[in-house]
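A, B, ... follow the sequence lines: proteins, then strands. Residue 1 opens every chain.
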2 protein chains.
Amino acid sequence: MVKDRFADAIAPAEHDDGDIGAIKDILGFHIRLAHGACLRHFTETFTDLDLTQKQVSVLWLVDDHPGIAQTDLAQRLRMDRATTMAIINRLQAKHYLRRMRSDHDGRKQALHLDPAGVDVLAKAKTAIREHEAWLKARFSDKEVKLLLDLLARIHE
Amino acid sequence: MVKDRFADAIAPAEHDDGDIGAIKDILGFHIRLAHGACLRHFTETFTDLDLTQKQVSVLWLVDDHPGIAQTDLAQRLRMDRATTMAIINRLQAKHYLRRMRSDHDGRKQALHLDPAGVDVLAKAKTAIREHEAWLKARFSDKEVKLLLDLLARIHE
DNA sequence: TATATTTGTTTGCATAACATACAATCAAAG
DNA sequence: CTTTGATTGTATGTTATGCAAACAAATATA
């Protein structure tokens, strides 16, 4: 193991002792950093609207699929039921959406946007456009498509 | 049931009001989902070791740079000081590392791995290898390099 | 009918980001 | 030197999220 080198020196990947490479070579590490950078910029962009990524995603999906159930929402966003509950509760407390009992399945909650939710979603989409522009500024259109494809393979 | 979904849950998204595309076209959305999938698999892989991504990253960096200060660590991992504190505290409570006052700067904490930390890091690197294999299984070597490059552009 | 599954809910715990305030230390200016 | 300002670590509190476990209501299935 190479130790005690200068902090910013880049280690030549010379150790063929079966050991794993530097942390810089770990794909998961870069995914986490990229996500962090993305989240940070998102949060800045949405300070005025006071919405998180998850909350925007939920509003967006409820708008796209009026009457969607919490479980369906959870599956699409890869959340569990308890987490979904917390998010829906917060959005409902702000009167952005409401729960309505499903007609033909008493277990399900049919989610619908409230007027305030429609309003804030429109503003959110504008903010998302800015955020996406910031994110995509470093890529060509071809690279964006490529990145979308690669990322989709991870979460699908 | 298919019948239910038609009636209640999923409506064809018809309203293309000319603004932003579907949520599926949002790059940030896919980054978050990919990160979530990655984090979920990581957590499963590390249930026995009881370590998080952040904690492994910190152990790794402290091993690579013995005597590193918390601020330096924070900068490399894009965390703030308070968050770094919490993580260091947890690792110290497990006797994975220790704080030692820096010789030349009384403000800084020089971080060093304890024997238990060296031990658990070795196991962690094995687990990381598995995790990375799972992650990279869906890509060719060329695609991995490409993805690393694209992601680095986001967080650098 | 009896049993199993689904869905939502509640509670509790852990991680983590962030803000704020504070103390100790160091650096720089006078 | 002293004063001032910046850096570093620390303590505290808030918020968001994720997950597990337990429970109730409604539905599905044997």
From the list C/dT10, D/dT17, D/dA22, which nucleotide is the closest neighbour of the side chain of A/Gln55? D/dT17

Nucleotide nearest B/Thr83 (side chain, heavy atoms from C-beta), chosen from C/dT10, D/dT10, C/dC18: C/dC18

Protein-nucleotide distance (A/Glu44, atom CD; C/dA17, atom P), rounded to Å: 15 Å

Base C/dG8 paired with A/Arg107 side chain (donor-acceptor, <3.5 Å): no

Would you say a side-chain N or O of B/Gln109 is under 4.0 Å from OP1 or OP2 of D/dT10? yes

Would you call B/Asp48 and B/Lys123 a salt bridge, using N to O less than 4.0 angstrom? no

side-chain N/O B/Arg99 vs D/dG9 OP1/OP2, d < 4.0 Å: no

Using 30° and 60° as the class limits, which term best fits the ring planes of B/His41 and B/Trp134: parallel, tilted or perpendicular? parallel

Short side-chain N/O contact to D/dT17 OP1/OP2 from A/Gln53, under 4.0 Å: no

Within the structure, does a side-chain N or O atom of B/Thr71 lie under 4.0 Å from either OP1 or OP2 of D/dG9? yes

Atom CZ of A/Phe46 and atom P of C/dC18 are separated, to the nearest Å, by 16 Å

Look at B/Asp149 together with B/Arg153 and state whether they make a salt bridge at an N to O cut-off of under 4.0 Å. yes

Take the protein atom CG of A/Leu77 and the nucleotide atom P of D/dG18, then report the distance between them rounded to whole Å. 9 Å

May I have the distance from B/Arg101 (atom CZ) to D/dT7 (atom P), rounded to whole angstrom? 18 Å

At 4.0 Å (heavy atoms only), tell me whether B/Asp80 reaches a base, stays on the sugar-phosphate, or touches nothing. base

Give the nucleotide from the list D/dG9, C/dG8, C/dA19 with an atom nearest to the side chain of A/Arg81. C/dG8

Quick one: do the B/Ser57 and A/Arg32 side chains pair a donor with an acceptor below 3.5 Å? yes

Would you mind reading off the distance between A/His104 atom NE2 and D/dA25 atom C1', rounded to a whole angstrom? 17 Å

By nearest nucleotide on DNA chain C, pick out whichever of A/Arg40 and B/Gly106 is the more 5' one. A/Arg40

Residue A/Arg98 excluded, over 12 heavy atoms near CZ under 6.0 Å: no

Is it true that A/Arg76 and A/Asp72 have a side-chain N and a carboxylate O under 4.0 angstrom from each other? yes

State whether A/Thr52 places a side-chain N or O below 4.0 Å from either non-bridging phosphate oxygen (OP1 or OP2) of D/dT15. no

Rounded to whole angstrom units, what separation is found between the CD atom of A/Gln70 and the P atom of C/dT9? 5 Å

Check every atom of D/dC19, C/dC18, D/dT17 against the side chain of A/Arg90 and return the nucleotide holding the closest atom. D/dT17

Categorize B/Leu39 for me: base, sugar-phosphate, or nothing, with a 4.0 angstrom heavy-atom threshold over every strand shown. nothing

Interatomic distance where CD1 belongs to A/Ile68 and C1' belongs to C/dT7 [whole Å]: 14 Å

Tell me which nucleotide among D/dA11, C/dC26, C/dT10 gets nearest to the side chain of A/Met85. C/dT10

For A/Ala86, report the nucleic acid contact type (base, sugar-phosphate, nothing); a contact means any heavy atom under 4.0 Å. nothing

Reckon A/Lys54 has a side-chain N or O less than 4.0 Å from the OP1 or OP2 of D/dG18? yes

Could you tell me the separation between the CG atom of B/Asn89 and the P atom of C/dA14, rounded to a whole number of Å? 15 Å

